[in-house]
S.K.: 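Have a look at this one.
Residue indices begin at 1 and follow the sequence shown.
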Amino acid sequence: MQSINRFFYGPSPQEKVRGWQRRLKTEQRHLDREIRQLDAATNKARMQLKQLASKGDTQNARILAKEVVRSNKQRGRLHVSKARLSSIEVQLMQQMALVKVTGTLQKSTEIMKLWNSLIKLPQISQTMREMSMEMTKAGIIEEMIDETVQMEDDEELDEEADAEVDKVLFEITNGKLGQAGSVGAQLPALNDAEEEEERRQMEQYREQLNGLLSG
């Protein structure tokens, strides 16, 4: 009988919720993997940053430090998104309890609010869009009006970049960089071959970080 009902009417509310929960767990694992990859690339960039600092290459060190700042921000977004996915799981468990009483899924403004933030994250936006259509059809959330809102761009980073970069430089290089005006006179300059090699490595780390930050 259950298989006949599924054929004519589709999955039951309980089956829909369990399916969504499985997909949310998959996306959480996806974000965990993104965080590990981002941490690994950031650690490599930090090591390169220390080398640049020790050789007095202030200009390239600041460029790389800005990428570290961006990666730190992205790491924070990913952790927040993981927490929101967990919150949606809790809300879906409450939906399961309601189904036992009412027999139907109920509209949830809390899930809607969480979904609006998650759908903007490039790493999981496609899955979130697909699931939002299913949840809209099931009556849990309303149709997304604007799904194309972008994550904060580099303009916001630029507003605080100088202070943040100085902070990161000072922290990572044990105070060698991050103190304006004092670095060039204290640290030796690079020769041409060393400068070219440092630049090549720095670009490599920047490309790795940018690949992860762009999703």
Side-chain angles (χ1 to χ4, degrees), residues 27-85 117-128 147-215:
E27 293 309 312
Q28 285 178 307
R29 290 193 293 271
H30 180 194
L31 292 184
D32 280 332
R33 184 168 62 252
E34 289 279 336
I35 291 169
R36 288 194 298 271
Q37 292 174 347
L38 188 60
D39 285 345
T42 303
N43 288 336
K44 289 180 181 179
R46 285 174 177 266
M47 292 175 62
Q48 177 67 11
L49 185 52
K50 287 184 178 181
Q51 293 179 13
L52 291 170
S54 67
K55 296 177 180 179
D57 192 351
T58 312
Q59 180 178 2
N60 284 327
R62 283 187 173 274
I63 293 172
L64 195 56
K66 192 169 184 177
E67 297 301 322
V68 172
V69 170
R70 289 183 63 215
S71 71
N72 288 339
K73 288 177 175 290
Q74 178 69 348
R75 189 177 189 275
R77 292 189 194 106
L78 294 176
H79 276 290
V80 169
S81 296
K82 267 192 63 182
R84 286 171 175 163
L85 287 173
S117 60
L118 287 169
I119 208 166
K120 302 170 190 175
L121 190 68
Q123 286 80 357
I124 60 175
S125 61
Q126 183 60 38
T127 300
M128 294 296 101
E147 299 180 352
T148 60
V149 178
Q150 299 296 317
M151 299 294 292
E152 60 181 352
D153 54 26
D154 285 342
E155 290 184 5
E156 181 175 338
L157 175 65
D158 289 338
E159 292 177 359
E160 55 181 302
D162 289 340
E164 286 294 327
V165 167
D166 280 340
K167 179 181 177 181
V168 170
L169 283 170
F170 189 86
E171 175 185 309
I172 294 177
T173 63
N174 297 321
K176 288 183 179 180
L177 292 182
Q179 299 178 5
S182 63
V183 177
Q186 295 178 0
L187 297 174
L190 294 169
N191 61 43
D192 291 342
E194 290 175 330
E195 185 175 358
E196 180 61 29
E197 177 61 18
E198 295 291 355
R199 184 178 294 110
R200 185 190 66 79
Q201 292 183 9
M202 187 195 71
E203 287 301 322
Q204 178 184 350
Y205 293 134
R206 286 187 67 194
E207 288 175 5
Q208 289 177 354
L209 284 173
N210 279 326
L212 291 168
L213 292 171
S214 63

S.K.: What's the separation between atom CG in Leu38 and atom CG in Leu31, rounded to the nearest 0.5 Å?
M.R.: 11.5 Å
S.K.: So, using side chain to side chain donor-acceptor pair (under 3.5 Å) as the criterion, who are the partners of Ser81 when residues are at least two apart?
M.R.: none
S.K.: With a 4.5 Å heavy-atom cut-off, do Gln48 and Lys44 have their side chains touching?
M.R.: no
S.K.: Taking only residues two or more places apart in sequence, or in another chain, which ones meet His30 in a side-chain contact (heavy atoms from CB on, under 4.5 Å)?
M.R.: Glu27, Arg33, Glu34, Gln123, Ile124
S.K.: How many angstroms lie between CD in Gln37 and CG in Asp39, if you round to the nearest 0.5 Å?
M.R.: 10.5 Å
S.K.: If you look at every heavy atom in Thr42 and Ser71, which pair is closest and at what distance?
M.R.: OG1-OG, 3.1 Å
S.K.: With side chains defined as the heavy atoms from C-beta onward, is the minimum distance between Met47 and Asn43 less than 4.5 Å?
M.R.: no
S.K.: Drop me the distance from Gln28's CD to Leu78's CG, to the nearest 0.5 angstrom.
M.R.: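 That separation rounds to 12.5 Å.
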S.K.: Going by the rule side chain to side chain donor-acceptor pair (under 3.5 Å), which residues pair with Arg46 if we only count those two or more places apart in sequence or in a different chain?
M.R.: none
S.K.: Evaluate side chain to side chain contact (heavy atoms under 4.5 Å, CB included) for Lys66 paired with Arg62, printing each intermediate quantity in order.
M.R.: CA-CA 6 Å; Lys66 192 169 184 177; Arg62 283 187 173 274; over 6 Å; no
S.K.: Please identify each residue that fulfils side chain to side chain donor-acceptor pair (under 3.5 Å) with Arg36, with sequence neighbours left out.
M.R.: none
S.K.: Which is it for Lys120 and Ser125 under the side chain to side chain contact (heavy atoms under 4.5 Å, CB included) test, yes or no, and what are the steps along the way?
M.R.: CA-CA 6 Å; Lys120 302 170 190 175; Ser125 61; over 6 Å; no
S.K.: Using the test side chain to side chain donor-acceptor pair (under 3.5 Å), find all partners of Asp32 that sit at least two apart in sequence or belong to another chain.
M.R.: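 For Asp32 the side chain to side chain donor-acceptor pair (under 3.5 Å) partners, ignoring immediate neighbours, are Lys82.
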S.K.: Find the distance between CD1 (Ile119) and CD (Gln126) and round it off to the nearest 0.5 Å.
M.R.: 9.5 Å
